[in-house]
Amino acid sequence: MTEQEVIERIDSSLAEEFELDRADMTPEANIYDDLGLDSLDTVDMVIVLEGAFDFKIREEEAVRNIRTLGDIHRFVLEKVTQNS
Amino acid sequence: MSLESVVVTGIGIVSPLGHSFEQLTLALSAGQSGVKYLPELEKIGGLRSRLAATVEGIDPQQVPRKIRRSMSNMSIYAYLASQQALAMAAYPDAQLASGRTGVVIGSTLGSTESCEKFFADYFKDYSLERMKSGLFFQIMGHSCAANVAQSLGITGRVMAPSAACATGCQAIGYAYEQIAFGRQDAILCGGADEFHPLTTATFDVMNAASTAFNQHPTESPRPFDKDRDGIICGEGSGILLLEKKSLALARGATILAEIIGFATTSDTSSIANPDAGAMLECMRLALQDANLPAEKLDYINAHATGTNQGDAAEAEAIRQLIGDRVPVSSVKGHLGHTMAASGAIETAASIGMMLRGELVATRNLRQVDQNCGGICHLQKNRSEPVRYLLKNNFAMGGINSTIIVRSRTHD
């Protein structure tokens with residue numbers, strides 16, 4: 001999977017789950033302030049990403065530090081690279 | 001009992017026959033049926049009844065995602081009906097968070113469909129790793145009440161009575177008592193339920209679901225009719241806004257009707273089979289609560305679901321109460337049995353009859369069964385004033401409930 005394909009899968013999964021407007025989904029977008037997610041949503045975000053990429057990330061410390069969509073992209077790309 | 005007078009100032013409806021109080025009232029007056037054949041029920045082994053009265057035309061997306069994520073369909077119905085009731089009453093937004101406005105809304109269960117989806121996934125590998133955060137809020141017993149309070153910012157009492165088919169009636173009664181006692185100034189009250197095949201199956205296994213009219217959906221259920229063969233399950237929500245009368249008048253609200261009596265009792269003779277004597281006692285207690293002799297009643301809206309035993313027992317109880325001197329009808333021939341919502345939707349329907357001065361006949365009642373005789377069955381709509389009405393709802397588990405309603409123009 002190319003980097004762009006990974007990012008597309010992340011964005012489409014999150015857009016579907018949280019009914020987001022793709023135009024708002026820039027790497028700089030803060031997932032709380034700009035995309036409107038909250039603590040319950042971040043629980044579901046982890047489940048959605050685990051389902052989309054078939055990995056386990058719930059216990060990872062780095063997940064708790066995610067603030068922007070770009071953070072998610074970088075985190076997932078790193079995981080995908082590690083697992084490949 | 002009434003320390004404070006309690007009035008109805010708003011009504012919200014999501015039902016198999018329309019999504020507003022006006023739509024429901026007009027559909028009932030026109031004799032429409034909300035019952036339909038559901039082909040998907042053919043796939044369920046052992047289920048003989050293929051009919052249901054489902055809600056159509058509700059787009060869940062009209063509810064904002066953050067509100068909707070903790071809701072199954074029943075909470076969506078309750079939320080939309082609550083919004084309607086508040087709008088009809090022109091209830092001040094500032095009162096919602098005053099602590100003096102409450103919510104009493106019940107359902108038979110939490111969402112069976114949400115449970116089914118969860119367990120279908122869970123049984124694949126017995127893993128909880130895919131469990132979404134919203135699941136619990138959809139399956140908890142007070143899902144509808146909590147979701148309505150949360151989404152509308154209501155900070156007073158929240159209760160979720162659950163007594164199957166008597167739920168909506170009990171919710172109105174408990175709300176009435178809390179306002180009468182001065183504990184709350186206003187309460188959104190009623191019931192909600194969503195259709196699931198398991199609900200129909202519950203009655204089918206007890207031979208209480210309608211199975212003979214699968215090819216003629218709108219001819220069933222048939223309350224009090226000699227050819228009745230059981231319940232048809234439905235869904236929806238009925239919500240009433242009850243207010244302390246003095247405050248409602250002070251803010252210039254339009255009064256729709258007044259709740260003046262309530263009773264609910266436990267019939268311990270059987271957990272499943274109704275008893276006419278227990279039903280009669282419940283009606284008498286409600287009339288006593290209203291300080292109203294049965295002779296003053298102008299209309300009785302029966303629970304009558306179309307079951308063999310239930311309809312006969314209720315007819316016997318009404319016969320003992322008032323003979324054939326008060327017109328009686330059931331709107332389940334139109335609406336099916338909307339379960340926990342039925343008490344509130346049917347109380348709303350009855351208030352609609354009161355406001356229009358038109359009593360709606362029992363749909364599909366062609367020939368009164370001999371076991372249901374001796375009472376004044378409405379087989380045609382009748383135009384006449386209604387000052388006082390009695391509303392029954394009875395439930396599995398031996399739960400009986402009755403409300404007495406007075407017209408806003410009773411004097």
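On a predicted model such as this, the values are computed, not experimentally measured, just so you know. Chain naming here is simple, since letters A, B, ... match the order of the sequence lines and numbering starts at 1 in each. Hydrogens, waters and symmetry mates play no part in the numbers below; they use all other heavy atoms, side chains included.
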Practice task
Select, from B:K66, B:R65, B:R130, the one with the greatest count of heavy-atom pairs under 4.5 Å involving chain A.
Solution key: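 Heavy-atom pairs under 4.5 Å are most numerous for B:R65.
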Residues [X], [Y]: salt bridge by 4.0 Å N-O rule:
X: A:R64; Y: A:E61; result: yes
X: A:E8; Y: A:R22; result: yes
X: B:K117; Y: B:E113; result: yes

Exercise for the section: Would you give the length of the straight line joining atom NZ of B:K132 to atom CG of A:D41, rounded to the nearest 0.5 angstrom? Expected result: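 B:K132 NZ to A:D41 CG: 10.5 Å, rounded to 0.5 Å.
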Handout entry: Atom group of A:V46 that falls short of 4.5 Å from chain B, counting heavy atoms
Key = neither
Problem - Residue, of A:E19, A:E50, A:R58, that accumulates the most heavy atom pairs under 4.5 Å with chain B - result: A:E19
